[in-house]
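For the numbers below, each heavy atom of this structure counts, side chains included, while hydrogens, waters and symmetry mates do not. The structure presented is a predicted model; accordingly, all values stated were derived computationally and were not measured.
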Amino acid sequence: MVPASQTPIPAARTLDQLRAAIARLERASASHGMAPLAFGVAALDDAMPQGGLTRAALHEVAGAGLDREHGALGARFAAGILARLAGPVLWVVGHGALTPPFAPGLASVGLNPDRVVYAQARHDATLLVMEEGLRHRGLAGVVAEFAAPLSLTASRRLQLAAEATGVMAILLHRQYRSALSEAAGATAAATRWRIAALPSGPALPHAPDVPGLAAARWRIDLTRCRGGRTGSWIMEACDASGRLGLAAPLAHGPAAAERRLRA
Amino acid sequence: MIPNQPVVTALHDGRRRVVAAADAAAQLLGLRPGMALAHAAAVVSGLTVMAAEPEADAAALCRLAAWCRRYTPLAAPDSPDGLWLDITGSAHLFGGEAALAGGLAARLGRDGLMASAAVADTPGAAHAAARYAPGVLPAGEHLALCGPLPIAALRLPPDTVAMLRRLGFDRVADLDRVPRAGLVRRFGPMVTLRLDQLAGRVREPIVPLLPVDALQHRVTFMEPLLTADALSQAITHLVTPLCGQMERAGQGARRLDLLFERVDGATQAVRIGTARPSRDARHLARLLDEHLEKIDPGLGIEAMRLVIPLAEPLHWQQDGDALTELAADISALVDRLSNRLGAERVYRMAPVESDVPERSLRRVPALALPGGTWSGPHPAPLRLLDPPCLVEALALLPDQPPAAFIWRRRRHVIRRADGPERIYGEWWRRDGEVSAVRVYFRVEDADGNRFWLFRQGDGVDPATGGLRWFLHGIF
């Protein structure tokens with residue numbers, strides 16, 4: 001046995017090499033040669049391991065506050081992502097009081113409703129239907145609205161299905177009038193997002209008294225990111241082509257607006 | 001034949017002539033099958049009597065059973081006046097059991113046949129309920145619900161029924177309460193057998209009519225099959241040659257029936273449908289595989305038969321065309337989801353020309369060709385509450401957004417708003433909408449949540465609406 005002190009190990013370099021090797025392995029198995037989907041906002045893309053959302057992976061999205069139940073912000077966020085991919089989309093919706101997404105609303109962030117096939121599944125069948133969709137290579141992505149905590153096993157199944165075909169999986173958490181704690185358990189998802197509404201700025205920055213609505217403002221929290229960093233950003237909601245914009249924080253308006261132009 | 005004119009058919013019972021069947025008008029007048037014809041003629045003057053033709057009736061019933069194969073592969077005549085349909089594996093294609101039974105009875109009614117339908121766990125219970133309490137008996141409750149039915153519901157010979165009634169048995173439940181040994185000694189095994197069949201203690205197989213002209217393939221097994229894996233293998237062996245046959249005939253299957261013949265003589269069936277004609281063996285086999293869990297192999301399956309009752313022309317397709325490949329891929333997915341969830345639960349939305357948001361779209365089949373353009377309100381909410389939800393709000397008339405509104409006991413103070421946008425009622429759809437107006441506002445509350453509110457009425461003319469506020473959407 002050689003004492004550890006006699007062989008100086010360049011720990012940082014070894015770690016870096018190992019990380020790179022793992023990243024290569026993961027990329028080879030999971031990327032299907034498809035580039036990750038960047039948001040086009042440097043601050044957001046830098047947090048993710050390959051500079052964007054991995055296509056062949058499971059992503060979790062949840063609303064915050066009032067939207068935990070309605071999932072309108074989360075659905076808009078998901079639609080904005082899928083709007084920028086090509087191909088049909090399977091949207092698994094629930095029964096009864098959980099309202100499905102309003103098709104013109106999807107169109108308003110650039111996801112043409114003609115691309116969307118809805119499947120209405122009972123709560124216990126939602127994940128099965130989602131997995132079924134993920135097995136079909138022709139799809140751009142599968143969104144499922146789910147009103148229960150996601151177990152580690154179930155999330156692994158979805159992640160593996162997405163990896164096998166390269167179809168993007170987005171699980172939209174909704175809570176139907178219940179006080180369930182936020183789904184914070186460990187899952188196999190690549191990323192987990194939380195979208196919260198923030199008060200927006202005046203419609204016309206130079207004339208704050210003129211009534212009207214500016215672009216909606218969101219706080220986007222990346223609360224989990226495999227191989228990347230978590231973070232929190234204030235953004236302008238998806239525009240008509242599904243793109244997010246970096247918002248000017250209220251406190252220092254003009255300066256931040258300048259930054260946005262550069263970004 | 002003149003409607004509402006009582007008609008009976010008659011046949012010889014020994015030396016006297018008796019009523020074999022009576023139509024609705026005759027039954028209203030008190031005529032019943034089994035009555036002496038002389039008696040009937042005395043009760044109703046001008047009664048039309050026709051000779052009964054039992055053989056022709058039986059043949060017609062067979063034809064009707066064959067027609068019923070559109071609903072299930074397991075259809076059989078139940079002489080003299082009934083039909084058996086085992087809808088276990090096919091009800092999902094018709095919107096559920098109640099919809100299938102109701103639709104079938106209504107369809108037969110339109111063709112001038114008096115029909116009543118019942119769905120139950122056992123053939124005996126369905127037979128009894130169809131005649132005395134039509135409807136869908138919930139699973140597991142057939143015995144309790146058939147208890148109050150009269151003994152005649154049990155498919156017993158008339159003299160046995162008469163004797164039982166003389167002994168004080170009126171209801172099915174009465175028979176279940178007495179010792180069985182006595183019943184068997186007095187009436188033979190029939191009474192207890194019918195009771196057991198009704199309760200499901202004795203299985204009663206439905207022997208299905210098989211189509212003669214459809215493409216089909218049957219395999220028998222040396223050893224009865226028991227496991228799902230073995231059955232799944234057998235499905236592959238059935239599907240492949242049939243797909244070859246379809247290819248030679250230029251056909252693709254729209255519907256497939258898979259019949260499992262059990263060692264004990266019972267037949268079980270699975271039916272699947274496809275959204276587009278298909279002869280892709282792998283796809284069809286997977287669709288069938290999904291329903292294997294519904295099959296109870298019992299002591300083993302000794303033969304399987306795959307029938308294609310509905311096929312459509314499907315022409316040669318060149319492989320490798322990216323566009324058709326994509327379309328084919330989606331149709332495979334749609335098939336699988338439709339067979340699992342029901343066809344009406346897999347759909348797309350299509351735009352409809354209407355300014356009223358909830359009417360601006362409709363469901364279409366998932367593989368329908370896209371048509372129309374999506375304009376709609378812009379920007380549109382992502383969730384539309386249908387029906388709109390009444391909220392408490394106050395606002396200055398006519399064109400100011402509310403300062404706050406209360407929804408589900410929570411107060412939302414409005415900080416910013418956009419509007420008004422007026423949407424006028426569509427008088428050509430409903431009289432009530434001639435002058436109706438909705439005034440829409442997009443509003444944002446103090447937390448940044450965005451809502452779509454509208455007020456009924458333009459705030460000037462009371463005829464346009466009652467000034468109540470509704471929440472219609474969430475952005």
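In this structure, CZ on B:Arg450 lies 14.5 Å from CG on A:Leu66, to the nearest 0.5 angstrom. How far CZ of A:Arg135 is from CZ of B:Arg336: 6.5 Å, rounded to the nearest 0.5 Å.
Only the side chain of B:Leu341 comes within contact range of chain A, with at least one heavy atom under 4.5 Å from a heavy atom of that chain. In this structure, chain A has a heavy atom under 4.5 Å from the backbone of B:Ala446, while its side chain stays farther away. Contact of B:Leu337 with chain A is made through the side chain alone, with heavy-atom distances under 4.5 Å. With a threshold of 4.5 angstrom between heavy atoms, B:Asn449 approaches chain A through its backbone and through its side chain. Only the side chain of B:Glu290 comes within contact range of chain A, with heavy atoms under 4.5 Å apart.
Side-chain atoms of B:Arg383 come within 3.5 Å of backbone N or O of A:Thr99 as a donor-acceptor pair.
Between the side chains of A:Ser200 and B:Arg415, no donor-acceptor pair is found at a separation under 3.5 Å.
For the set A:Gly212, A:Pro101, A:Pro113, the count of heavy-atom pairs under 4.5 angstrom toward chain B peaks at A:Pro113.
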**Study point:** B:Glu444/A:Arg217 under salt bridge (Lys or Arg N to Asp or Glu O under 4.0 Å): CA gap, chis, key distance, verdict
**Key:** CA-CA 11 Å; B:Glu444 182 178 296; A:Arg217 188 168 291 178; over 6 Å; no
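The two residues B:Leu382 and A:Ala75 come nearest to each other via the heavy atoms CD2-CB, 3.0 Å. Contact between A:Leu73 and B:Phe475 at its shortest, heavy atoms only, is CD2-O, 3.7 Å. Across every non-hydrogen atom of B:Val443 and A:Leu213, the tightest pair is N-CD1, 4.4 Å. Across all their heavy atoms, B:Arg340 and A:Val129 have their closest contact at NH1-N, 4.4 Å. Counting all heavy atoms, side chain and backbone alike, A:Phe102 lies closest to B:Pro381 at CD2-O, 3.4 Å. When all heavy atoms are compared, the tightest approach of B:Met349 to A:Tyr118 is CG-CE1, 3.6 Å.
Heavy-atom neighbours of B:Arg422 CZ from other residues, nucleotides or ligands within 6.0 Å: above the threshold of 12.
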